[in-house]
Peer 1: 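Structure provided below as structure tokens; questions to follow.
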Amino acid sequence: MDTQLNIALVQTSLFWQQPEKNRTHFARQIRDLKQKVDLIVLPEMFTTGFTMTPSEIGKEEGPATLEWMKELAEETGSALTGSIVFYENGKYTNRLFFVKPDGNFEQYDKRHTFTLAGEHLTYASGKERITIDYKGFRICPMICYDLRFPVWVRNTEGYDLLLFVANWPKTRIAAWDTLLKARAIENMAYCLGVNRIGEDQNGYGYNGHSACYDPLGEKLAFSSGEEVLFVTINKVHLREVRDKLRFLDDRDSFTLQ
């Protein structure tokens, strides 16, 4: 079993509703990575920005991006994850794909659609969370607004890494910083979040603050600029912390409705 997972967090601006241009942009950044990593994390809706008009985007763009992720994962030998607009069975979802180098993939649809922006009126809400086994680590992927709901992300399955992709605006960035750290501490897990920067078509500004915290809430990586962050998480450290501080043993039992 691998004891370390090397991760690249790609924090960048996005081209509004231009999937092909965004794919080209991210492909260049991924191919230019200065070190080999196991996992590459992209922001929420990384091919379009946080759009509430998905009908303006070709329905074929979702499958095209999934194929693009498969090709890059195979080429680089790294898993890729991030969320995109996806059309299926007559409805749109904000769907995260986790694509492994062998072409296998898993998917998660955003549970908590952002009602403040009307996301619940445009996108179907996901019903199930997932845990992904990858290189000896159990990973629980989430999307943006899910960060505000600790019951939904509670570590009931023994995951090692809680992962968020986001378009989180700078007007509320203090909440992002605080909640990422809190989710790490309360779940005794690594917690990382990848946000975008720049400004979108609606005039919302984003200042990144992509970060990773260890199970004690120690900050391992942070940035507010346009860059790729590198971080390594360690299974031995996680096990040592959990063995010494057995807080998860006292967690409450509950059932989600």
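Model, not experiment: these values are computed from the prediction.
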Peer 1: Any idea which heavy atoms bring Ala189 and Tyr159 closest together, and the distance?
Peer 2: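 Scanning both residues completely, I find the closest heavy atoms to be CB-CE1, 3.7 Å.
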Peer 1: Let me confirm one number: the CG-CE distance from Leu216 to Met188, rounded to the nearest 0.5 Å.
Peer 2: 6.0 Å
Peer 1: Considering only heavy atoms from C-beta outward, does the side chain of Leu162 approach that of Met142 to under 4.5 Å?
Peer 2: yes
Peer 1: Is any side-chain heavy atom of Gln35 less than 4.5 Å from a side-chain heavy atom of Phe230?
Peer 2: yes
Peer 1: Is the charged tip of Lys135 near the ring of Phe137: under 6.0 Å from the six-membered ring centre and within 45° of its axis?
Peer 2: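 Checked: cation-pi criterion not met.
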Peer 1: For Phe97 and Phe86, run ring pair (Phe, Tyr, Trp, His ring centres under 6.0 Å): C-alpha distance rounded to whole Å, both residues' side-chain angles, the deciding distance at 0.1 Å, then the answer.
Peer 2: CA-CA 10 Å; Phe97 286 103; Phe86 202 85; 5.4 Å; yes
Peer 1: Under a 4.0 Å N-O cut-off, is there an ion pair linking Lys110 with Glu44?
Peer 2: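 Yes, charged N to carboxylate O under 4.0 Å.
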Peer 1: Taking side chain as C-beta onward, heavy atoms only, is Arg148 less than 4.5 Å from His112?
Peer 2: no
Peer 1: Assess whether side chain to side chain contact (heavy atoms under 4.5 Å, CB included) is satisfied between Gln17 and Gln201, documenting all intermediate values.
Peer 2: CA-CA 9 Å; Gln17 294 188 351; Gln201 190 74 11; over 6 Å; no
Peer 1: Under a 3.5 Å threshold, yes or no: a donor from one side chain and an acceptor from the other, between Glu119 and Asn94?
Peer 2: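 Indeed, the side chains of Glu119 and Asn94 share at least one donor-acceptor pair under 3.5 Å.
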Peer 1: Would you say the side chains of Ser125 and His120 form a donor-acceptor pair under 3.5 Å?
Peer 2: no
Peer 1: Given Val165, which of Ile143, Leu9, Leu42 fulfils the side-chain contact (heavy atoms from CB on, under 4.5 Å) condition?
Peer 2: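 Of all the options given, the one that passes is Ile143.
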Peer 1: Is there a side-chain contact between Pro54 and Thr122, using heavy atoms and a 4.5 Å cut-off?
Peer 2: yes
Peer 1: For the hydrophobic clusters of this structure (ILVMFWY residues joined by side-chain heavy atoms under 4.5 Å, transitively), does one cluster hold both Leu238 and Leu39?
Peer 2: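 The answer is yes; both residues are in one hydrophobic cluster.
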Peer 1: In the single-linkage hydrophobic clustering (I, L, V, M, F, W, Y; side-chain heavy atoms under 4.5 Å), do Ile130 and Val151 co-cluster?
Peer 2: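 Per the 4.5 Å side-chain linkage, Ile130 and Val151 are co-clustered.
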Peer 1: Going only through I, L, V, M, F, W and Y residues with side-chain contacts under 4.5 Å, is there a path from Met52 to Leu14?
Peer 2: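 Looking at the clustering, Leu14 is in a separate group from Met52.
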Peer 1: Do side-chain atoms of Asn187 reach the backbone of Asn155 as a donor and acceptor pair under 3.5 angstrom?
Peer 2: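 Present.
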Peer 1: Could you give me the CA-CA distance, side-chain angles and deciding distance for Asp200 and Tyr206, then say whether side-chain hydrogen bond (donor to acceptor under 3.5 Å, both in side chains) is met?
Peer 2: CA-CA 8 Å; Asp200 68 17; Tyr206 304 86; 2.8 Å; yes
Peer 1: Between Lys235 and Gly136 (side chain of the first, backbone of the second, donor and acceptor by atom type, cut-off under 3.5 Å), is there such a pair?
Peer 2: yes
Peer 1: Can the positive tip of Lys219 be found less than 6.0 Å from the middle of the six-membered ring of Tyr213, inside 45° of the ring normal?
Peer 2: no
Peer 1: To the nearest 0.5 Å, what is the distance between CD1 on Ile30 and NE2 on His25?
Peer 2: 10.0 Å
Peer 1: Which heavy atom in Ile139 sits nearest to a heavy atom in Pro141, and how many Å separate them?
Peer 2: O-CD, 3.5 Å
Peer 1: Indicate yes or no for a side-chain donor-acceptor contact from Asn104 to the backbone of Lys100 under 3.5 Å, with no hydrogens or angles considered.
Peer 2: no
Peer 1: Determine whether Ile197 and Asn207 satisfy the following criterion, side chain to side chain contact (heavy atoms under 4.5 Å, CB included), listing intermediate values before the conclusion.
Peer 2: CA-CA 5 Å; Ile197 62 169; Asn207 60 344; 5.6 Å; no
Peer 1: For Lys244, does the NZ atom sit with more than 12 other heavy atoms under 6.0 Å from it, leaving out its own atoms?
Peer 2: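 Atom NZ in Lys244 is not crowded, with 12 or fewer foreign heavy atoms closer than 6.0 Å.
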Peer 1: I need the minimum non-hydrogen distance between Ser55 and Tyr92, along with the two atoms involved.
Peer 2: CA-OH, 3.4 Å
Peer 1: Are any side-chain N or O atoms of Asp109 and backbone N or O atoms of Gly126, one a donor and one an acceptor, separated by less than 3.5 Å?
Peer 2: no
Peer 1: Specify the closest pair of heavy atoms between Ser78 and Leu80, including all atoms of both residues, with the distance to one decimal.
Peer 2: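 For Ser78 versus Leu80, the nearest heavy atoms are O-CD1, 3.6 Å.
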Peer 1: Measuring from Cys212:SG to Ile233:CD1, what's the distance to the nearest 0.5 Å?
Peer 2: 6.5 Å
Peer 1: With a cut-off of 3.5 Å and sequence neighbours excluded, list every side-chain donor-acceptor pair involving residues 66-74.
Peer 2:
from  : atom 1 : to    : atom 2 : distance (Å)
Glu67 : OE2    : Lys70 : NZ     : 3.4

Peer 1: Using a strict threshold of under 4.0 Å (side-chain N to carboxylate O), is an ion pair present between Glu186 and Arg154?
Peer 2: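 No, no charged N to carboxylate O under 4.0 Å.
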Peer 1: Assess the side chains of Asn195 and Ser210: does a donor N or O sit below 3.5 Å from an acceptor N or O?
Peer 2: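 Looking only at side-chain atoms, Ser210 and Asn195 do not form any donor-acceptor pair under 3.5 Å.
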Peer 1: Within the side chain of Asn22, is there an N or O that forms a donor-acceptor pair under 3.5 Å with the backbone of Phe15?
Peer 2: yes
Peer 1: Mind checking whether Trp176 and Trp168 have parallel, tilted or perpendicular rings, split at 30° and 60°?
Peer 2: tilted
Peer 1: Do the non-hydrogen side-chain atoms of Phe222 and Leu229 ever get within less than 4.5 Å of each other?
Peer 2: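 The answer is no; the side chains never approach within 4.5 Å.
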Peer 1: Provide the closest heavy-atom pair for Asp38 versus Tyr134 in the form atom of the first, atom of the second, distance.
Peer 2: O-OH, 2.6 Å
Peer 1: Can you confirm whether Lys181 sits close enough to Ile185 that some side-chain heavy atom of one is under 4.5 Å from a side-chain heavy atom of the other?
Peer 2: yes
Peer 1: For the side chain of Arg129 and the backbone of Trp152, is there at least one donor-acceptor N/O pair under 3.5 Å apart?
Peer 2: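 A pair under 3.5 Å: yes.
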Peer 1: Report the distance from atom CG of Leu96 to atom CZ of Phe46, rounding to the nearest 0.5 Å.
Peer 2: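 So the CG of Leu96 and the CZ of Phe46 are separated by 9.0 Å.
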Peer 1: As an exercise, state the distance from OG1 of Thr65 to CZ of Phe26, rounded to the nearest 0.5 Å.
Peer 2: 11.0 Å
Peer 1: Do Asp146 and Arg111 meet the salt-bridge criterion of a basic N to acidic O distance under 4.0 Å?
Peer 2: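 Salt bridge between Arg111 and Asp146, a charged N being under 4.0 Å from a carboxylate O: no.
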Peer 1: State whether a side-chain donor-acceptor pair under 3.5 Å links Arg196 with Ser13.
Peer 2: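 Distance-only check fails for Arg196 and Ser13.
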Peer 1: Are Phe50 and Phe114 close enough, and set up right, to give a side chain to side chain contact (heavy atoms under 4.5 Å, CB included), and what steps lead you there?
Peer 2: CA-CA 10 Å; Phe50 190 62; Phe114 190 48; 4.1 Å; yes
Peer 1: Is Val194 close to Phe164 at the side-chain level, that is, under 4.5 Å between some pair of heavy atoms?
Peer 2: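 No, too far: nothing below the 4.5 Å cut-off.
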Peer 1: With hydrophobic residues grouped by side-chain heavy-atom distances under 4.5 Å, do Leu192 and Val228 end up in a single group?
Peer 2: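 Cluster IDs for Leu192 and Val228 differ.
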Peer 1: May I ask you to test the Val41-Ile7 pair for a side-chain heavy-atom distance under 4.5 Å?
Peer 2: yes
Peer 1: Run through Val231, Thr232, Asn234 and flag the one making a side-chain contact (heavy atoms from CB on, under 4.5 Å) with Leu220.
Peer 2: Val231
Peer 1: So, for Ser223 and Gln11, which heavy atoms are closest and what is the spacing to 0.1 Å?
Peer 2: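 Scanning both residues completely, I find the closest heavy atoms to be O-NE2, 3.2 Å.
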Peer 1: For the CD atom on Glu60, are there more than 12 heavy atoms of other groups (residues, nucleotides or ligands in this structure) within a distance under 6.0 Å?
Peer 2: yes
Peer 1: Is atom CD of Glu20 surrounded by more than 12 heavy atoms (other residues, nucleotides or ligands) closer than 6.0 Å?
Peer 2: no
Peer 1: Do you reckon Phe98 sits in the same ILVMFWY cluster as Leu161, going by side-chain contacts under 4.5 Å, direct or chained?
Peer 2: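 Both belong to a single hydrophobic cluster.
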Peer 1: In plain terms, say whether Asp160 and Arg242 are close enough for a salt bridge, that is, a side-chain N and a carboxylate O under 4.0 Å apart.
Peer 2: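 Yes, charged N to carboxylate O under 4.0 Å.
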Peer 1: Using only heavy-atom distances, determine whether the side chains of Glu61 and Thr48 contain a donor-acceptor pair under 3.5 Å.
Peer 2: no
Peer 1: Do any N or O atoms from the side chain of Asp214 and from the backbone of Tyr190 form a donor-acceptor pair under 3.5 angstrom?
Peer 2: no
Peer 1: Any donor-acceptor pair under 3.5 Å linking the side chain of Arg183 with the backbone of Leu147?
Peer 2: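 It does hold such a pair.
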Peer 1: To the nearest 0.5 Å, tell me how far Leu116 CG sits from Arg172 CZ.
Peer 2: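 Answer rounded to 0.5 Å: 6.0 Å.
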